[in-house]
Amino acid sequence: GKKADYLLRYRPHLPIAVIEAKADYKQAADGLQQAMAYAEILGLKFAYASNGREIIEHDYTTGKQAILKQFPAPDNLWSRLQIAEGITSEKDVEDLLLPFHQEIGGKRPRYYQEIAINRTVQAVIKGQMRILITMATGTGKTFVAFQIVWKLWKSRRKTHILYLADRNVLVDQAKDRTFSPCGDAIWKIQGSAKKSREIYFAIYQAIVDDERRPGLYKEYPRDFFDLIIVDECHRGSAKDESKWREILEYFEPATQIGMTATPLREGNVDTYRYFSNPIFTYSLAQGVEDGFLAPYRVHRVILNVDA
């Protein structure tokens, strides 16, 4: 695995720059390409290389490089990043800097999870209404979804949230484990349309209309939810012909975040058309290379009865 020499954080959950350190008998410039490679992996806008005597900066917000006498102060970097990203209002800055929840078994987000969370929260703050995150199975999509919800809920930017999936096991594990810090704010929709909570969980089949009953989702006003998380969204929620799509279109005013482990291919093109291109992708190959997923081999087996 790769390891940066120094990672500078403006807040514990918000990395802002990376430094590649070289021995004093080498040129500072010798480490710049490596620093830039780390910055690109980590989604950072500032990369530095230094041999202790000379400092070289690459600023991705301007595309310029410069030789510096000293490192910029934290607030200087943060100010430059704010301007580049267009996040200048006091409320927007406060919400973006709200810390992650850190008490789920003492679990800290991995580097790619930090990127996914921060990038998504930033997109919501900037008013993006349809967001797609593509992350390989086993890389923690539910954990990322919880941290996104936590930040937006705690900042009161989003106060009525719906977590949708197509299987009870996905919904129940998220509700009872990952989202448990949300306490009494949580409710699973089944049988009746309770409206006194703030974070709701549901499977499509329990709220969509069928031949036996009208859709339970229609008992909620169209603008009741201001954030919808769609887990495994490639399974049908965004297909043009799907009845599940009716739910998303009914709650059209809500910010909708789709999460999938499936890269773009012919069978899920509707998902990518509905949510647009992913704002963050973490592939199976990257997970294996980073050491978070086990490498595997596929063995083709013919059973006796088939033979």
Side-chain angles (χ1 to χ4, degrees), residues 13 87 89 91-92 94-101 109 113 115-135 140-166 170-171 173-175 178-189 193-204 206-208 216-234 237-238 244-260 271 274-276 278-280:
H13 67 283
I87 299 176
S89 83
K91 169 65 174 169
D92 290 350
E94 184 180 317
D95 291 354
L96 190 59
L97 294 181
L98 191 79
F100 295 155
H101 186 277
Q113 293 171 336
I115 299 170
I117 297 161
N118 288 328
R119 196 171 290 178
T120 303
V121 170
Q122 184 173 320
V124 173
I125 287 173
K126 293 170 75 171
Q128 188 170 330
M129 297 300 292
R130 300 293 178 265
I131 298 168
L132 182 64
I133 301 169
T134 302
M135 292 173 60
K141 289 191 300 298
T142 307
F143 178 70
V144 167
F146 165 72
Q147 295 288 3
I148 292 167
V149 168
W150 179 264
K151 283 172 68 75
L152 295 172
W153 178 56
K154 279 295 181 180
S155 67
R156 309 311 289 167
R157 187 172 284 270
K158 303 294 183 183
T159 56
H160 288 91
I161 298 159
L162 175 63
Y163 186 99
L164 271 177
D166 69 327
L170 293 176
V171 164
Q173 284 182 354
K175 176 177 69 72
T178 313
F179 282 76
S180 59
C182 300
D184 293 338
I186 291 174
W187 181 258
K188 184 178 179 182
I189 303 172
K194 194 180 185 78
K195 299 174 184 174
S196 58
R197 305 295 175 90
E198 294 191 338
I199 302 174
Y200 297 78
F201 291 79
I203 60 170
Y204 306 104
I207 61 175
V208 76
L216 186 60
Y217 71 92
K218 292 179 181 175
E219 295 187 25
Y220 291 93
R222 287 175 59 86
D223 61 354
F224 183 80
F225 296 108
D226 46 23
L227 175 64
I228 298 177
I229 305 281
V230 188
D231 193 13
E232 303 290 3
C233 61
H234 65 278
S237 61
W244 298 346
R245 175 73 168 267
E246 295 177 9
I247 300 172
L248 300 185
E249 290 178 342
Y250 178 81
F251 294 118
E252 184 271 336
T255 301
Q256 298 177 11
I257 301 173
M259 308 195 77
T260 181
T271 299
Y274 181 81
F275 287 104
S276 76
I279 66 167
F280 179 74

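Everything quoted here is computed from the prediction, not taken from an experiment.
Of the residues Leu162, Thr255, Thr159, Ile199, the one that meets the side-chain contact (heavy atoms from CB on, under 4.5 Å) test with Leu227 is Thr255.
Residues Lys151 and Leu97 approach most closely at NZ-C, 4.3 Å, considering heavy atoms. Closest approach of His13 to Leu96, counting heavy atoms only: NE2-O, 3.4 Å. Of all heavy-atom pairs spanning Leu152 and Val124, the tightest one is CD2-CG1, 3.9 Å. Here the closest heavy-atom approach between residue Ile189 and residue Ala202 is recorded as CB-CB, 4.1 Å. Scanning all heavy atoms of the two residues, the minimum distance from His101 to Pro181 falls at NE2-CB, 3.4 Å. In terms of heavy-atom proximity, Phe275 sits nearest to Ile257 at CE2-C, 4.0 Å.
Checked against side-chain contact (heavy atoms from CB on, under 4.5 Å), Ile115 has the following partners two or more places apart in sequence or in another chain: Tyr111, Arg119, Phe280. Residues that satisfy the side-chain hydrogen bond (donor to acceptor under 3.5 Å, both in side chains) test with Thr134, not counting sequence neighbours, are Tyr272. With sequence neighbours excluded, the residues forming a side-chain contact (heavy atoms from CB on, under 4.5 Å) with Ala123 are Gln128, Ile131, Ile279, listed by chain and number. Here Lys218 pairs with nothing under the salt bridge (Lys or Arg N to Asp or Glu O under 4.0 Å) rule; sequence neighbours left out. Under the salt bridge (Lys or Arg N to Asp or Glu O under 4.0 Å) criterion, Lys188 pairs with Asp172, sequence neighbours left out. Under the side-chain contact (heavy atoms from CB on, under 4.5 Å) criterion, Ala174 pairs with Thr142, Tyr163, Phe179, Phe201, not counting sequence neighbours. Here Gln113 pairs with nothing under the side-chain hydrogen bond (donor to acceptor under 3.5 Å, both in side chains) rule; sequence neighbours left out. Partners of Glu219 according to the side-chain contact (heavy atoms from CB on, under 4.5 Å) rule, which considers only residues two or more places apart in sequence or in another chain, are Ala193, Leu216.
Using a distance-only test at 3.5 Å, with no hydrogens or angles considered, no donor-acceptor pair links the side chain of Arg197 to the main chain of Ala185.
We find the OG1-CD distance between Thr120 and Gln147 to be 12.0 Å, quoted to the nearest 0.5 Å. Note that the CE atom of Met135 and the CZ atom of Phe143 stand 10.0 Å from one another [nearest 0.5 Å]. In this structure, CG on Asp223 lies 11.0 Å from CD on Glu252, to the nearest 0.5 angstrom. To the nearest 0.5 angstrom, Phe146 atom CZ is 8.0 Å from Thr178 atom OG1. Distance check, rounded to the nearest 0.5 Å: CD of Glu246 to OH of Tyr204 gives 13.5 Å.
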Between Ile133 and Lys141, is the side-chain contact (heavy atoms from CB on, under 4.5 Å) condition met? List the steps. CA-CA 9 Å; Ile133 301 169; Lys141 289 191 300 298; 6.0 Å; no

Could you go through Asn118 and Phe100, starting from their C-alpha distance and side-chain angles, then the distance that decides it, and tell me whether this counts as side-chain contact (heavy atoms from CB on, under 4.5 Å)? CA-CA 10 Å; Asn118 288 328; Phe100 295 155; 3.7 Å; yes

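Inter-residue side-chain proximity for Ile161 and Phe225 is flagged as unmet; no heavy-atom pair is nearer than 4.5 Å. Counting heavy atoms from C-beta on, the side chains of Val171 and Asp166 never come closer than 4.5 Å. Residues Met129 and Gln256 are not in side-chain contact: their nearest non-hydrogen atoms beyond the backbone lie 4.5 Å or more apart. A heavy-atom distance below 4.5 Å is found between the side chains of Trp150 and Cys182. Within the 4.5 Å cutoff, the side chain of Cys233 has heavy atoms near those of the Leu132 side chain. Side chains of Leu164 and Ile229 form no contact here, defined as non-hydrogen atoms less than 4.5 Å apart. Counting only heavy atoms from C-beta outward, the side chains of Val230 and Met259 never approach each other to under 4.5 Å.
Ring-plane geometry between Phe224 and His160 is classed as tilted, the angle between the planes lying from 30 to 60 degrees on a 0 to 90 degree scale.
Contacts classified as salt bridge (Lys or Arg N to Asp or Glu O under 4.0 Å) and involving residues 154-164 (residues at least two apart or in different chains) are given here: Asp92-Arg157, Asp95-Arg157, Arg156-Glu198.
The aromatic ring centres of Tyr220 and Tyr250 sit 6.0 Å or more apart.
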